[in-house]
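The sequence lines fix the lettering, A, B, ..., with proteins before strands; numbering per chain opens at 1.
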Amino acid sequence: MLTIADLSVKSRDGKQLLSNVSLRLDKGECVGLTGASGAGKTTLIRTIMGTSGKQLLISGGDIQADGKSILEASYKERRAMCGRYFGFIPQNSMTSFFSNVKIGKQIIETYRLNLSMTAAEAHELAAEMLRLVNLSDTDRVMSSYPGQLSGGMLQRVAMSIVLGIKPTYLLADEPTSALDRENRALLTELLSGYKDGGILFISHDAEAIVSLCSSVCVMEHGRIVESKETGLLFRAPQHPWTKAFVNAAERSRRENAEWKQLR
Amino acid sequence: MNLTRGTVVFILRKILEVILTVLIVTVISFVLVQLSPVDAAEAYLQRNQTPITAETLEKTRCEMGLNEPLHVQYVNWLSKAVTGDFGRSFVNNKDVLQTEMSAFAFTIKIILLAGIFEAVLIILVGSLCYVCRNRISGHIISALCFAMISIPPFFLASEYLDIIVVKMGVGSVVGNAGIMRYLPAALSFVPGTAAFFAPLLATNITYQMSLDSADYARYRGLSEKRILFRYAMPAALISIIPSFFQMLALNLAGAIVIEQVFSIPGLGYLIMSGVTDRDPPVIHATILLLAICLSLFNISADVIRRIISHNTDLSMVHT
Amino acid sequence: METITVKDVSRTYYDTNGDLFKALDNVSLEWKSGESIAVMGESGSGKSTLARLIIGLEKPSSGKILFDGEDTSKWRGNRWRRCRTEIQAAFQDEKGTLSPSRSVMQNAEEALCNLTSMKKSERYETILRLMVQMGLSNNLLSVPVRALSGGEQRRLGLLRALAVRPKFLVLDEVTAGLDLITTESILDLLAEYKNDHGCSYMLITHDLSAASRLCSRMFEIEHGQIIHESVQ
Amino acid sequence: MKLSKKIISIAIPIIILISLSFGFIFKPNDPHKTHILEKYAAASETYPLGTDALGRCELSRLLEGGKATIGIVVLGAAIVLVLGTALGLLFARTNGRSGVLSDSFLNAITAIPPVAYLIIMIGIWGNSIPTMITALTVSLILRIIKLVMTLAEEEYRKAYARCAFASGASHFRILTVHILPVILPEIVQYLCLSCSDMILAISGFSFIGLNLGTNVIDWGYMLSEARTNFDMRPELLFFPILLIFISSLCFNILGRLIKRGKAKC
């Protein structure tokens, strides 16, 4: 169980980024996190991962993973948790992979660091995982540079890495926003199939939130303004931002349905 | 490296550019010599103390081939130059090609030696700059580097000679053999260039470390050192190489002044003597050789920049 | 101007390693005044190229674009300028469609300065009125353009085009990349403007709901060809 | 407060440069007049910085030197800025077609660094103020034209230029009103850095004997003079090199500030 209790974070120049954020994420559960851009969602990820060094100052609250507070853990321990214990799906995988290194090399490197296996085993696991995210031509994918693959394929590669390592908690930062319709549906399906750990799903994509998340938190200016079970939130939104979000989502869902019958 | 059609076209264009550069520069040098206030024939006669009269002038000018119209002179010179025959110097009658080659050897040694020292220093000071970028020491180093850029190399050279050699008697002004002949000249370039590139390397490393790819690597469990040495450092270094080559071209042009200070008979020395003695064959040949070297440095910078931008997107912070 | 006809227009480009790439493959469509049409397709299907051709930013490789029967491919700069008051455009390009070195006011009045002989005060009034209509606060006027948010920049681009009261308005992905709420507000604004001034839109988008709201006829374009036309 | 801090930090180098290039107006006495009796006089009322080997007033020579060294560079830079930018905008191809031949021709000319052109021209024509100015402007202007063309063409491909065209703006208006203010900082920055290189080059040439004509004083020449009797009066060497360093530093600072200013806005 990952519990974030009244977490408050300030940036180096004193701007308050998060103020008493509380959130619970259980294994096998998917919690949605949405809100206007700049509400502090990415800051939350950076704080959990603990990779921002001196840029972020924890001014209050705590993050407990399976009963142990990770804020007290040493820098080395926290970095060891990244990848192994906390998985991550980037928003724009076109810029997230090293563009001058072949995809296969980057996958194998991640596996070997997190699962301490030999190169051959890592290569085997990579191929198997790529097939799982139906990138069947594994050799071509692994021998090409990120620039030679489409956004959708790269996002699936990122997913395959997560499936290979099976982290206890998976943080997804707007994984579907840069994708077109089919890839979006495909990635949502892959995410729904991931039961080996809790997912913190950050997104604007109402459809994905409805189909994936059991409960949703809405953030505004670093504060959680509403946190409910998904169905309840869409039926009776309280906060003005949530209301507008739900109306817009509702209207676009209805129009898409209409348009589909027309064709 | 995949030789796509685009790259082949690119290389052909670059070769065309080298040829064009050389042609333009040699035309300029011909035109300028023609316009030059002092006539080569006159200077020749003066040197040999023969009285300058109308017909002696006419005779020497015929010998030198200066009486034909400019373009004919240029074509003759070019056709001979292509075969490597640059004619004989009007001053010491030695074959121009020989003097050029030996002069070229000197200058290139200085530039390459300087290049090696600069590369080493850039990596060391650059990484130092990066490591203590948030500390006071980091700011002091980059301020120092910034000031070093404004110190002229010829001053360092002259101070070396005045203080170290004359005052302290270390080394000697003329006649030290082997590498010691070029080392001081090469070293006088090093501070200025290294001071320019070291902070640049540090900024690039910081840029590479702040990219999305570095963040995602951290989330995938790669340690800070691993990202720095396997990805950020190489990427930052590679993205500096193009402008480093252009800086070598600048050093080549600067070498002309330095060679005078150390009186090393390199290309610069040759240009100066060719000009002061009004010796067109030497002037044209040296300018041709200088143009070739400079454009080769420049072209290699462009080619490297293209290779970088093609199969990788190591966009640099700024050149 | 009453109708804009696109008669089997094709447009080819050379891609990075020099091979020919057909962005548009003999496309034909009719756009009558008073009727709004949507051009739908995924990114890279050639719909933005069609927009650029209609506005005269590029010339078609083959085929013609006719304004009331007159072939535009031979038009020069100032002939285009004469028809600018009737056809205007707003683009999406996330790097900003507004001139970075000029203030919000200067950007807003760009079309008015070039196309109308309005005096400074008149222009100021029109811009102010439109700002209120667009929900932009007028103390933004002297702010540099880069200080505006994504939504505000899009609305300013729209305002600049609408200021000259065009009859035809080409909207190239004006809602793309915006969050749901800003998209909604821009679509409301366009719908409202259409009823008041009878302006006809060519909406270029991959967002089905926006198209179904504003347009009566929809064309689906894929790999440079119109594969489907439907009327709502 | 932030903006005024930037203005002050830009104003200081400019003031220093102006005072160095126009300082000769206030020179205490005639820099050419020699007073053999007062050779190496210490700093005094009449000679604020003492005198050199021939008893000439050091301070006036330094100020006179500033006129030559910086005056030429600033004058050359001004000509290059105005002419180069105008020609660059004129030649910028707005129809998107890039002529391979004209590109290669331009690359060919600009392959040679300005300093090399300087050497070729000075070497052959001998050094004098007009030669130096023509050599400086000709070699720099080629690079500025290429820079302005590339920048203008790059900006022209951007969305805001297309929008301006769609709003009925003519090519001329787009280039001057919309694009020029965006690319001007980068042009001025390049010029500042080139001026700094030029100062070092000019003083370098006169240091090795290619000075700006017999009666023209400049810091490089003063440096080479002072070098001969260096141990007698080391500060005679110190003053010129200090001024060369400061003027070159000021140009570098200006270049960096404008870039940082540009990067922000």
Exercise for the section: Taking salt bridge (charged side-chain N to carboxylate O under 4.0 Å, His left out) as the test, write out the residues that go with Glu155(D), two or more places apart. Expected result: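 With neighbours one apart ignored, the set is Lys158(D).
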Handout entry: Option in Ile246(D), Ile253(D), Asp197(D) with maximal non-hydrogen atom pairs under 4.5 Å from chain B
Key =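 Going by pairs under 4.5 Å, I would pick Ile253(D).
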Problem - Greatest number of heavy atom pairs closer than 4.5 Å to chain B - which of Leu223(D), Ile208(D), Ile244(D) - result: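 The option with the most such pairs is Ile208(D).
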Exercise for the section: Given side chain to side chain contact (heavy atoms under 4.5 Å, CB included), test Arg227(D) with Leu161(B) step by step and report yes or no. Expected result: CA-CA 10 Å; Arg227(D) 199 174 154 218; Leu161(B) 279 179; 3.7 Å; yes
Which atoms of [X] are under 4.5 Å from chain D, going by heavy atoms: the side chain, the backbone, both sets, or neither?
X         : value
Phe146(B) : both
Gln246(B) : neither
Ile24(B)  : side chain
Val22(B)  : neither

Can you say whether [X] sits under 4.5 Å from chain B via the side chain, the backbone, both, or neither, judging by heavy atoms?
X         : value
Phe207(D) : side chain
Ser203(D) : both
Leu237(D) : side chain

Practice task
Check the surroundings of atom OH in Tyr269(B): do more than 12 heavy atoms from other residues, nucleotides or ligands lie under 6.0 Å from it?
Solution key: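 12 or below, so no.
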Handout entry: Minimum heavy-atom distance Ala147(B)-Leu249(D), with the two atoms named
Key =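 Nearest heavy atoms, Ala147(B) then Leu249(D): CA-CD1, 3.9 Å.
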Handout entry: Heavy-atom pair of closest approach, residues Phe154(B) and Leu200(D)
Key =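 Heavy atoms only, the tightest pair is CE2-O, 3.6 Å.
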Handout entry: Straight-line distance of Ser248(D) OG to Ile149(B) CD1, nearest 0.5 Å
Key =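 Taking OG in Ser248(D) and CD1 in Ile149(B), the distance rounds to 8.5 Å.
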Handout entry: Residue pairs, two or more places apart or on separate chains, that pass side chain to side chain donor-acceptor pair (under 3.5 Å) and touch residues 142-155 of chain B
Key =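 Residue pairs passing side chain to side chain donor-acceptor pair (under 3.5 Å), neighbours aside: Ser150(B)-Asn252(D).
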